[in-house]
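Because only heavy atoms are used, hydrogens play no part in the values below, and waters and symmetry mates are left out as well, while side chains stay in. All ligand and atom numbering here is 1-based and tracks the order in the structure. Everything quoted here is computed from the prediction, not taken from an experiment.
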Amino acid sequence: MAESGITTSQNAAPPIVVDTESTENDSSYGDEISNYTASLTSSVLHYRQENGRSYHAYCDGRYLIPNDEEEKDRLDMIHEMMMTMTGRKLFLAPIGESPQRVIDLGTGTGIWAIEFADEFPAAEVIGNDLSPIQPTQVPPNLRFIVDDFEDEWLYENQKFDFIHARFLTCSVRDYGRLLEQCYKHAAPGGWVEFQDWDARVYSEDGTIKNTSIEQYYDTIIHAFEKAGYVACPGPRLEEWFRKAGFVDIHVVKYQIPMGTWPKDRHLKILGTWNLMEAETGFQAAAMAVLTRYEGWTEDEVNILVAKTKNDARNRDIHAFFYFYVVYGRKPE
Ligand SMILES: C[S@@+](CC[C@H](N)C(=O)[O-])C[C@H]1O[C@@H](n2cnc3c(N)ncnc32)[C@H](O)[C@@H]1O
C-alpha cells in the first residue's frame, strides 16, 4: 500500500482527498474528487499544538476537540459503545441491500465508514473530516476526504443513497442548513441518518445535583453554545429533518449511563464504555472551548476535569445521558 497523499485546494475551502490507495482511479468517483482538489501539500497536517493536545489544521479553529492518538482511541471506544447500544447495527434506516453511493459526515477515525464499506462492498463510500486521521489501509470502495461539511458541498456528479452522521455534538453551528444540504444531495428515495447526543446529564434520583459532573456539563454546554455550536442536537434532530423536507422520519431514543452503577447488564456495559472514554474525554471536550473562549487556564480546566472524573467513578452518582438516532427519507 502507498503512503496516503494529502491534497489541498487552491480555493479557500474545497475538499481535499486523502488517497488511501495507490490505485486512485479504481473507482467511478475518483475523477470527481480529483476535480475538487489541486496540488498536494502537507498544510492539513500542520496540526495546532496546544495544552499538550493537537487540533486539526484545515480550517484551523473550526472544531474545538483534539485529533491526536488519545482522541482516536476515545472515538474508537465510543464506536464500540454505540455498536453495543444499537445491538451491533451500524445504522437503523431501511436502506436496502444495495446502496450505491454513501457518505459519512465528520468520519473521525473512519471506523464506521470502514465497517460500512466492508458490509456493502458494492457501495462507493466517502468519509469526510477536517482531520486526515483515518488509516491508509481501507476497503477499496472507501475514500476519505478532508472537507468542511458546513461549507457548500461539491459532491455534484451523483446523489447519495445514504448520508450518515454520528456524534457531531459541539461540531455543527447550523443544523438547519446542514440538513438542507443533505436533502439536496440525497437521491430521491435516499435515506439520511443522524445519531447524536443530548449532552445534558440527567439522574432519575437527583444524585447529580450539585456535583462536579453537573457543573462540568453545564459549563461546557454553555461555553460551546456561546461559541456558536449546537451542544445538544439529539432532541432537535427530528425538527430539522422535518423542516428540510424529509418524510418517514423515525426517532429512536437510547439511555447511556455514566459509570458502572446500573444493575442491568446491558446498561452496565454501556456505562463502563462511557466511563472509559471519559478518562480522556472530559479533558478533550473542555480544554479548547474553556481556554480559547472562556479565559480559563489549563490548570483550572484540569481541576474541574479531575473532580468530574471522580464523580463519574462514584457509584452513588447515577448519571446518564439520552442519545438519539433519527432517520428520514427524501421523497421520490
Ligand atoms: C466526535 S467526532 C465523531 C467521529 C465519527 N463520526 C464517529 O462517530 O466516530 C466528530 C468529528 O467531526 C469532525 N468535524 C467537526 N466539524 C467538522 C466539519 N465542519 N467538517 C468536517 N468534519 C468535522 C471532527 O474532526 C471529528 O473527527
Per-pair distances, ligand 1 N/O vs protein N/O, less than 3.5 Å:
unit_1   : atom_1 : unit_2 : atom_2 : d
ligand 1 : 6 (N)  : Gly106 : O      : 2.7
ligand 1 : 6 (N)  : Arg166 : O      : 2.8
ligand 1 : 8 (O)  : Arg166 : O      : 3.4
ligand 1 : 8 (O)  : Arg166 : NE     : 2.7
ligand 1 : 8 (O)  : Arg166 : NH2    : 3.3
ligand 1 : 9 (O)  : Arg166 : NH2    : 3.2
ligand 1 : 19 (N) : Asp148 : OD1    : 2.8
ligand 1 : 20 (N) : Asp147 : O      : 3.4
ligand 1 : 20 (N) : Phe149 : N      : 2.9
ligand 1 : 22 (N) : Leu130 : N      : 3.4
ligand 1 : 25 (O) : Asp129 : OD1    : 2.6
ligand 1 : 27 (O) : Asp129 : OD1    : 3.3
ligand 1 : 27 (O) : Asp129 : OD2    : 2.7

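Residues Ile208 and Tyr216 fall within the same hydrophobic cluster, defined by Ile, Leu, Val, Met, Phe, Trp and Tyr side chains chained together at heavy-atom separations under 4.5 Å.
Using the six-membered ring where Trp is involved, Phe91 and Phe120 have ring planes that are tilted, between 30° and 60° apart. Ring orientation note: the planes of Trp112 and Phe116 are close to parallel, at an angle under 30° on the 30°/60° scale.
Taking the centre of each ring, Tyr183 and Phe246 come in below the 6.0 Å mark.
Between Glu150 and Arg177 no salt bridge is recorded (no basic side-chain N to carboxylate O distance below 4.0 Å).
Cation-pi geometry between Arg292 and Tyr55 is satisfied (NZ or CZ under 6.0 Å from the ring centre, within 45° of the ring normal).
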